[in-house]
Student: 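Below are the structure tokens for one structure; questions will follow.
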Amino acid sequence: MTVLKEFDTGTPIRVAEKTVTLAIDGREVTVPAGTSVMAAAMQLGTRIPRLCSTDSLEPFGSCRLCLVEIEGRRGTPSSCTTPAEPGMVVRTETDRLAKLRRGVMELYISDHPLDCLTCAANGDCELQDMAGAVGLRDVRYGYAGASHLGSTKDRSNPYFDYDPAKCIVCYRCVRACEEVQGTFALTVLGRGFESRIGPGGSDFLGSECVSCGACVQACPTATLIEKSVVEHGQAERTVLTTCAYCGVGCSFKAELQGNRVVRMVPYKGGKANDGHSCVKGRFAWGYATHRDRVTRPMIRARISDPWQEVSWEQAIAHAAAEFKRLQRTYGREAIGGITSSRCTNEEVFVVQKLVRAAFRNNNVDTCARVCHAPTGYGLKTTFGTSAGTQDFQSVEQADVVMVIGANPTDGHPVFASRLKRRLRQGARLIVVDPRRIDLVRGPHVRADHHLALLPGTNVAMINALAHVVVTEGLVDEAFVRERCETGDFELWARFVALSENSPEAMERFTGVPAAEVRAAARLYARAGNAAIYYGLGVTEHSQGSTMVMGMANLAMATGNIGRVGVGVNPLRGQNNVQGSCDMGSFPHEYPGYRHVSDDATRQTFEALWGVTLDTEAGLRIPNMLDEAVGGGFKGLLIQGEDIAQSDPNTRHVVAGLTAMECVVVQDLFLNETARYAHIFLPGTSFLEKDGTFTNAERRISRVRQVMPPVTGKAEWQITVDLAQAMGYPMAYDSPAAIMAEIAQLTPTFAGVSFAKLDELGSIQWPCNDGAPTGTPIMHVDRFVRGRGRFMITSFVPTEERVGPRFPLILTTGRILSQYNVGAQTRRTANTVWHPRDVLEIHPFDAEARGIRDGDLVALASRKGEIALEAVITERMQPGVVYTTFHHPGTGANVVTTEFSDWATNCPEYKVTAVEVRRTNDYTHWEVRNRIGALDAAE
Amino acid sequence: MTILTGRSAIESGRSMPPNDPPAGVDSDGKRLAMMANQIALFFAIYPTEEAAAAVANHINQFWGRAMRRQFLASFSADDPTFHPLVARAFTRIRPPDDRWTVAP
Ligand code: SF4
Ligand code: SF4
Ligand code: SF4
Ligand code: FES
């Protein structure tokens with residue numbers, strides 16, 4: 001395969017019902033009204049020379065290269081800014097135009113270094129292409145005049161360089177930063193000949209730039225260019241694949257020389273991202289070949305012994321023998337497995353099958369337990385399916401967007417860019433979050449309401465919003481009558497109408513002025529199209545599932561379900577959280593969210609798998625650990641998860657792990673959990689995987705192998721071998737065969753196959769006879785469960801209370817440049833933006849404790865104590881402090897408690913009572929910090 | 001407490017168990033009782049009969065065999081720490097099917 005160059009129509013093709021027909025160079029073409037002459041010409045295959053336009057950006061009309069002649073019009077208008085009109089007669093190639101274009105190119109080239117042969121963009125430069133296209137042969141002006149050839153480069157960004165000498169001031173980068181990314185980091189400094197692009201007076205690293213790379217992608221020259229291209233040169237082939245970081249699931253072109261990645265470029269045809277990306281997916285892939293990668297299996301008898309490298313055969317035989325011994329000695333339920341949201345659907349499917357069919361119990365759980373399990377429970381109970389209702393594109397038709405407990409600009413950046421674009425077009429925004437996230441007030445974006453509630457009071461807030469809807473006559477009665485269980489609605493309506501649920505009564509819990517809540521409720525209910533997007537700030541609470549149901553209630557009551565522009569949408573943390581849940585990773589559910597006690601479902605699995613299956617739910621992660629400490633649970637297979645770092649109350653996790661006799665860890669790196677492991681099976685990075693990921697919009701996308709596994713074994717193969725060694729053969733020859741079995745067993749996946757994915761690009765489940773190409777919007781004519789079900793959501797304050805000893809509330813989150821426990825991003829240059837975790841604290845709380853910015857502080861909860869650096873900021877409200885959990889040295893989960901969601905045991909990460917004080921105790925801090933620095937220096 | 005972390009600690013092959021005694025051991029089932037009470041609080045707003053059935057159903061559907069075994073062994077229906085709904089639901093909690101506990 002060669003390098004994939006995508007078709008660029010120059011300016012966007014408009015969406016319009018009306019079409020216009022015009023003639024270009026004697027041929028007729030019909031395009032949607034509003035489409036430019038340039039894009040219309042591209043439909044005929046006529047590429048009018050151009051420099052300042054590309055179809056991801058609005059036309060700008062600055063380069064004057066795209067001139068055309070139009071019958072009946074004077075002069076030579078630029079085709080990029082001229083809309084096609086009915087009956088227009090256009091000529092794109094005349095002697096006059098050729099001369100004019102050559103003249104324009106001459107001016108550009110006279111101020112451009114002529115080092116094409118040694119330029120990193122050689123072969124991938126639009127300026128070069130255009131010089132060829134217009135037939136430029138000499139430059140009359142000479143090269144002696146004033147030029148920018150001596151300008152200094154800005155190499156401050158770790159991933160791309162800026163060389164002003166090569167800039168043609170086409171504004172594509174500036175517009176990309178504004179229109180595509182929505183950051184507005186770039187401006188044009190100076191005027192006329194003097195004008196130069198710059199990141200607001202500083203260098204790129206010190207600026208507002210979030211390193212998304214949109215400007216680099218938009219730049220037609222080598223002015224903005226990836227360092228990896230400068231170092232390695234141009235790619236020779238492309239593989240289409242999917243980002244392995246967050247739940248947006250961006251589609252990428254991996255551009256390669258042999259098996260070496262030269263750069264990752266977001267794929268325009270990718271429906272999750274439409275050609276955009278964030279810093280993680282585009283640039284932070286270096287971890288995949290990091291020298292810390294373990295590539296050989298290892299075993300040891302005790303966790304205090306050094307590791308010993310062994311062959312795959314030995315490692316797998318040893319693991320199988322250990323698991324069998326544990327079951328013989330301690331019983332069938334003494335072992336289990338944890339699947340990973342970072343692995344492919346196929347890899348996850350075979351692990352849960354291993355547990356159910358070879359271990360013969362249901363002790364399988366997934367890290368989604370600690371993030372979106374309440375989403376599954378809450379949306380299944382109310383709507384009938386455990387997934388978000390919309391595709392990402394839907395937000396482009398939302399009139400009011402309510403963001404609850406999510407921080408999209410950091411957690412889901414590419415979705416945030418889409419959202420910001422919609423907000424710039426005039427959609428209104430409500431933010432429900434204890435912290436003043438960037439969306440509340442950003443460049444050209446401002447929330448109408450920021451409901452800055454106290455952590456742990458989400459349900460109080462949603463009930464107050466619902467109270468307003470019900471008592472002020474804002475219910476969409478027709479929708480409720482036609483689509484929902486009316487008895488449940490009436491119970492619910494009576495409940496939320498109680499005065500105890502009014503914004504005035506709830507104010508004492510939430511801390512948010514009642515008037516603000518009322519105004520927000522009215523805005524949402526009267527929106528036309530109102531959409532809810534939420535994140536872990538909803539789920540990671542003791543009432544996480546209640547809150548998910550509360551949001552579903554609100555959406556149903558206002559009729560905001562079942563069409564484009566509305567819905568209830570979880571923003572999923574890890575790339576394949578949705579997929580790992582879909583694939584049957586929960587101890588009570590088979591793939592497709594069907595309970596293990598459901599006889600009909602179980603029998604289909606039993607028939608195909610040839611074994612009788614356990615009829616009862618297995619253990620969840622926290623219960624596995626409890627059982628381990630109690631002595632009944634002895635062996636665990638952990639696929640690509642770091643529970644010792646990511647799960648709550650580290651001490652409890654460690655106690656559980658150390659109590660087991662055989663812990664098998666399958667991962668890229670020796671993570672924290674591996675310290676308690678007896679067997680280490682090296683895993684593969686996304687570049688080595690072949691399979692599928694499913695993103696937060698239920699979109700199944702292909703992950704294609706870019707290079708063979710450096711470990712010598714694909715991860716699905718490890719599981720298949722282990723099953724075989726335990727006496728349960730699984731006959732797959734490829735991940736495609738695994739998907740075929742998934743489709744055979746799972747009604748919502750019935751129509752999915754690798755072949756169809758290759759044909760359609762991606763598919764949103766359900767995909768079956770009723771929806772052969774997938775389902776972008778769910779619950780359109782009816783809910784999956786039939787009628788929507790309102791659930792009563794009483795507010796129950798968390799057990800975790802502040803008091804004199806622990807007067808502050810700690811809440812946790814993530815930031816843009818790092819990902820989850822950071823195992824990958826810490827092994828990339830992304831550390832320049834986030835070298836360590838810090839504690840954010842309001843000036844008022846800081847002052848009361850004599851804490852200054854940058855001080856080392858001790859953060860203590862009832863569970864433990866850690867030390868980290870304080871950052872004083874008004875983003876926080878008084879009484880609430882905030883930290884991230886990207887670095888193991890911080891051990892943020894040393895302080896979080898084991899309180900959890902009532903329905904799913906999803907831990908309550910978002911609320912911990914703490915105290916903060918200055919400390920001089922550098923002992924632990926120093927150790928951590930030194931290790932942190934070592935990590936960062938790699 | 002101290003948890004040493006980082007590459008050096010890992011690579012040396014040494015493990016650093018925590019200094020403190022293990023936390024969160026649920027030998028007396030208190031955690032399970034707390035979880036059951038939490039479930040009861042959600043359903044408490046529904047009519048008593050419906051709510052008790054929902055609590056029992058939730059536990060039967062989502063709690064693994066080992067959890068139910070321990071819960072039933074550690075408490076009786078009249079335990080003073082129980083929410084009244086847990087007390088009512090208690091006898092409807094399905095005892096684990098112990099045929100499944102022997103090795104396959
Ligand atoms: S990398 Fe992204 S944020 Fe930074 S200047 Fe370019 S477009 Fe703007
Ligand atoms: S840096 Fe590139 S995209 Fe930006 S104005 Fe210069 S040439 Fe155009
Ligand atoms: S991390 Fe998320 S937003 Fe960023 S490129 Fe990857 S999938 Fe897209
Ligand atoms: S492409 Fe039309 S003016 Fe530059």
Side-chain angles (χ1 to χ4, degrees), chain A residues 292 300 303-307 327-328 331-333 359-363 495 542 546 587-588 595 597 614-620 623 626-627 629-630 632-633 649-652 654-655 658-659 670 672 674-676 792 794 796 863-864 888-889 891 894 898 902-903 905 924 927-928 931 934-935, chain B residues 1-29 31-32 34-47 50-51 58-70 94 96-104:
Chain A
D292 282 358
R300 57 184 175 184
I303 58 171
S304 50
D305 294 345
W307 285 109
Q327 283 193 311
R328 266 197 317 274
R332 186 193 294 242
E333 296 176 294
F359 294 3
R360 304 284 302 283
N361 63 39
N362 286 323
N363 290 338
F495 162 76
S542 59
T546 315
H588 63 283
H595 201 277
S597 66
D614 195 344
T615 54
E616 293 199 42
L619 293 169
R620 304 166 179 176
N623 315 120
D626 283 349
E627 286 291 309
V629 172
F633 191 82
N649 194 349
T650 312
R651 281 200 288 176
H652 182 47
V654 167
T658 45
L670 274 166
E672 292 294 295
R675 293 168 49 212
Y676 309 98
I792 304 185
S794 351
V796 181
K863 288 292 165 189
V894 170
E898 68 225 54
W902 67 269
N905 281 149
H924 305 159
V927 174
R928 295 187 181 106
I931 293 165
L934 274 178
D935 269 357
Chain B
M1 75 154 211
T2 317
I3 292 190
L4 282 182
T5 55
R7 282 161 35 74
S8 47
I10 298 166
E11 278 174 358
S12 68
R14 282 174 300 133
S15 136
M16 314 277 170
N19 303 334
D20 293 8
V25 185
D26 196 31
S27 51
D28 50 6
R31 213 162 108 91
L32 292 173
M34 189 181 102
M35 283 164 57
N37 284 342
Q38 260 186 302
I39 295 167
L41 282 174
F42 176 79
F43 291 107
I45 189 92
Y46 285 93
E50 192 185 334
H58 189 95
I59 290 175
N60 287 334
Q61 287 240 340
F62 295 103
W63 286 20
R65 209 174 264 119
M67 294 163 74
R68 295 205 314 281
R69 186 181 306 120
Q70 188 185 5
R94 208 171 47 234
D97 173 357
D98 281 327
R99 279 175 308 171
W100 273 93
T101 52
V102 289

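Chain identifiers are assigned alphabetically (A, B, ...) following the order of the sequence lines, protein sequences preceding nucleic acid strands; residue numbering begins at 1 within each chain.
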Student: Calculate, to the nearest 0.5 Å, the distance between atoms CD and CG belonging to Q70(B) and D626(A) respectively.
Tutor: 7.5 Å

Student: What's the separation between atom CZ in F43(B) and atom CD1 in I792(A), rounded to the nearest 0.5 Å?
Tutor: 11.0 Å

Student: Which label fits H588(A) and H595(A): parallel for a plane angle under 30°, tilted from 30 to 60°, or perpendicular past 60°?
Tutor: tilted

Student: Which of the residues R94(B), M35(B), M67(B), Q61(B) is involved in the greatest number of heavy-atom pairs with chain A at under 4.5 angstrom?
Tutor: Q61(B)

Student: If you tally heavy-atom pairs under 4.5 Å against chain B, which of N623(A), L619(A), V796(A) wins?
Tutor: N623(A)

Student: Is F495(A) close to chain B through its backbone or its side chain, or both, or neither, when contacts mean heavy atoms under 4.5 Å?
Tutor: side chain

Student: Please state whether the side chain, the backbone, both or neither of E616(A) comes within less than 4.5 Å of a heavy atom of chain B.
Tutor: both

Student: For a 4.5 angstrom cut-off between non-hydrogen side-chain atoms, does H58(B) reach W902(A)?
Tutor: yes

